[in-house]
There are 2 protein chains.
Amino acid sequence: MASLDRSLIAGLSVFEGIAAADLDRIVSQARSVRIAKDQPVFEQEQEAHSFFVLLDGHVRVVKSTPDGHEVTVRYISPGELMGIASALGRTTYPANAVAAADCVVLAWPSQLWPTFAASFPSFSANTYKVVGTRLQDAHTRVIEMSTEQVEQRVAHALLKLIKQSGKKTSEGILIDFPISRQDVAEITGTTLHTVSRLLSAWEDQGLVKSGRQRVVVVEPHKLLVIAEARAAKS
Amino acid sequence: MASLDRSLIAGLSVFEGIAAADLDRIVSQARSVRIAKDQPVFEQEQEAHSFFVLLDGHVRVVKSTPDGHEVTVRYISPGELMGIASALGRTTYPANAVAAADCVVLAWPSQLWPTFAASFPSFSANTYKVVGTRLQDAHTRVIEMSTEQVEQRVAHALLKLIKQSGKKTSEGILIDFPISRQDVAEITGTTLHTVSRLLSAWEDQGLVKSGRQRVVVVEPHKLLVIAEARAAKS
DNA sequence: TCTCTTGTTTGCGCTAAGGCAAATGCCTCT
DNA sequence: AGAGGCATTTGCCTTAGCGCAAACAAGAGA
């Protein structure tokens with residue numbers, strides 16, 4: 001591992017509260033892997049041989065149903081953990097992870113987890129905190145799916161995406177990786193057609209600008225109004 | 001704690017792999033609490049002062065949305081953990097837990113968690129395994145909400161309920177606590193009207209028998225066929 | 001530059017399922 | 001036993017949003 005990586009890594013929230021020396025020991029046992037866009041990071045049902053931290057790029061975590069549907073569970077941004085099945089006593093990955101853009105990840109063999117957890121309590125605590133957040137997020141998703149209409153869900157999804165992976169540009173806030181209508185549909189549980197219609201409508205109102213695999217949110221506030229709308233619609 | 005409880009408790013999967021002596025130390029620090037039907041076990045946003053094991057009864061975990069919707073996150077059956085926010089680094093409960101029937105729970109103060117986790121690795125491992133399962137379940141819920149129609153979701157919900165809390169009777173498998181159409185609706189993200197219509201239809205076909213706050217599944221296999229149906233419907 | 005592939009837009013019809021409303025039935029409490 | 005409150009059933013209407021299908025860009029590769 002290049003020392004360049006170390007300084008970059010020290011700032012990540014996953015490693016908060018870990019002494020520099022410990023961090024070195026942790027990082028020195030990782031291997032750094034480059035993954036090209038659309039290549040898998042890990043796959044559903046596969047043996048969970050490693051856990052990862054994403055250093056650069058974006059990863060989409062997807063579950064496939066027997067009947068061919070694909071549901072996006074979450075997007076992973078730089079700095080986030082993924083594939084931590086081993087911390088939860090699982091031996092296989094529960095979903096597919098695919099690079100949504102070219103990625104660089106740090107990978108540790110899963111069998112190191114017990115040692116890490118015992119030796120570096122902060123690391124373990126940070127990890128479980130992440131798990132807690134994800135459980136929370138998943139429940140929020142369920143609630144959104146249960147109580148909101150498609151328009152609100154798509155608005156929420158875009159807001160979540162710009163919060164997580166937004167990049168300010170002169171036009172507005174860009175979702176910083178290629179994302180298609182189909183992708184948004186798989187996040188929100190709808191169809192690419194409906195997403196397309198919504199984006200077109202919002203584009204007309206000046207809320208967003210979008211193109212091929214590209215979405216820029218121009219008016220986040222107005223989008224938020226739609227997302228939080230109770231009953232009436234404009 | 002009566003020693004009666006100890007023998008009962010030793011069999012629970014949460015305590016698997018824990019030496020009898022350790023189990024005694026764990027259980028001796030719990031207090032046993034009786035909670036009447038419809039009374040809260042813990043509440044959303046409240047400080048997570050304790051974590052629990054349900055010994056008897058059934059608990060419904062519900063999240064309320066700002067706009068008055070209620071979504072049932074899960075049902076807890078005897079032997080299961082609940083309120084384990086502290087193990088995930090949270091300081092407040094993420095949802096409401098209400099007794100769906102009269103309950104008996106064991107409660108430990110949250111501040112014991114770090115000690116327990118350090119002293120009894122099996123306990124910690126078991127707990128995180130439960131968390132893993134719940135995360136999994138939550139994702140399954142999201143997928144069901146995204147890809148299945150209401151009929152399939154309700155069928156799945158009933159199957160899950162009889163698996164978790166089913167009791168064989170002469171008529172079929174009874175869901176062993178009072179459950180209304182509204183409750184089923186809150187699990188599946190639909191309305192009590194739709195649930196009522198479905199149950200009536202299934203009753204006509206002899207798949208279930210149901211009454212006021214009561215559901216008996218007569219033909220689990222046929223229900224499974226509905227739950228797993230791809231496109232066509234009978 | 002031209003072509004091909006892949007993503008996007010949009011129109012149209014259809015239906016699952018929600019909303020509303022009213023009737024009925026079953027417990028529970030007095 | 002009677003009364004009141006819930007839970008349930010059902011009919012009817014409305015509609016959000018899906019499916020299908022066809023036309024349209026806009027990159028990518030030759």
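Below, read A as the first sequence line, B as the second, and so on, with proteins coming before strands; counting in each chain starts at 1.
Shown here is A:Lys209, whose NZ atom has no more than 12 heavy atoms of other residues, nucleotides or ligands within 6.0 Å. Within 6.0 Å of atom CD in B:Gln46, more than 12 heavy atoms from other residues, nucleotides or ligands are found, so the atom counts as buried in its surroundings. Within a 6.0 Å sphere centred on NZ of B:Lys163, other residues, nucleotides and ligands contribute 12 heavy atoms or fewer.
Dashed line: the shortest gap from a side-chain N or O of A:Thr194 to OP1 or OP2 of D:dG17 is not under 4.0 Å. At the phosphate of C:dT9, OP1 or OP2 sits under 4.0 Å from a side-chain N or O atom of A:Ser196. In this model, the phosphate group of C:dA17 is not approached by any side-chain N or O of B:Thr190 to a distance below 4.0 Å at OP1 or OP2.
Atoms CG (B:Asp204) and C1' (D:dT9) sit 12 Å apart, rounded to a whole Å. Protein atom NZ of B:Lys37 is 10 Å distant from nucleotide atom P of C:dT28, rounded to whole Å. Distance A:Glu148 CD to C:dG18 C1': 17 Å, rounded to the nearest Å. One atom, CE of A:Met145, and another, P of D:dA16, lie 18 Å apart when rounded to the nearest Å. Atom CD of A:Gln149 and atom C1' of D:dT14 are 14 Å apart (whole Å). Here the P atom of nucleotide C:dT8 and the CZ atom of A:Arg214 are 12 Å apart, to the nearest Å. D:dC6 atom C1' lies 13 Å from atom CG of B:Asp38, rounded to whole Å.
Note that the OG1 atom of B:Thr190 and the CG atom of B:Leu198 stand 7.5 Å from one another [nearest 0.5 Å].
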When every nucleotide of nucleotides 20-29 of chain D is labelled 5' to 3' by its protein contacts under 4.0 Å (heavy atoms), B for base, S for sugar-phosphate only, - for none, what sequence of letters results?
-> BB---BB---
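Nearer the 5' end of DNA chain C, as judged by each residue's closest nucleotide, is the contact made by A:Leu192, out of B:Arg153 and A:Leu192.
Under 4.0 Å is where a charged nitrogen must lie from a carboxylate oxygen, and between B:Glu171 and B:Arg214 at least one such pair does. Under the 4.0 Å criterion applied to side-chain N and carboxylate O atoms, A:Glu151 and A:Arg197 are not assigned as salt-bridge partners.
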For B:Asp102 and B:Arg34, what are the C-alpha separation, side-chain angles and deciding distance, and is it a salt bridge (Lys or Arg N to Asp or Glu O under 4.0 Å)?
-> CA-CA 8 Å; B:Asp102 290 342; B:Arg34 219 164 275 273; over 6 Å; no
Would you sort out whether A:Ile175 and A:Leu158 count as a side-chain contact (heavy atoms from CB on, under 4.5 Å), showing the intermediate values?
-> CA-CA 8 Å; A:Ile175 297 174; A:Leu158 292 189; 4.1 Å; yes
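Listed nucleotides D:dT10, D:dA7, D:dA16 differ in distance to B:Ser200; the shortest reach to its side chain belongs to D:dT10.
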Using distance only, find each side-chain donor-acceptor pair of residues 129-139 of chain B under 3.5 Å and give its atom names and separation, not counting sequence neighbours.
unit_1   : atom_1 : unit_2   : atom_2 : d
B:Thr133 : OG1    : B:Lys129 : O      : 2.9
B:Arg134 : NH1    : B:Leu81  : O      : 3.4
B:Arg134 : NH2    : B:Glu80  : OE1    : 3.4
B:Arg134 : NH2    : B:Leu81  : O      : 2.7
B:Gln136 : OE1    : A:Lys63  : NZ     : 3.4
B:Asp137 : OD2    : B:Arg74  : NH1    : 3.4

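Applying a 4.0 Å cut-off to non-hydrogen atoms, the residues of residues 170-187 of chain A that approach DNA chain C are A:Ser180, A:Arg181, listed by residue number.
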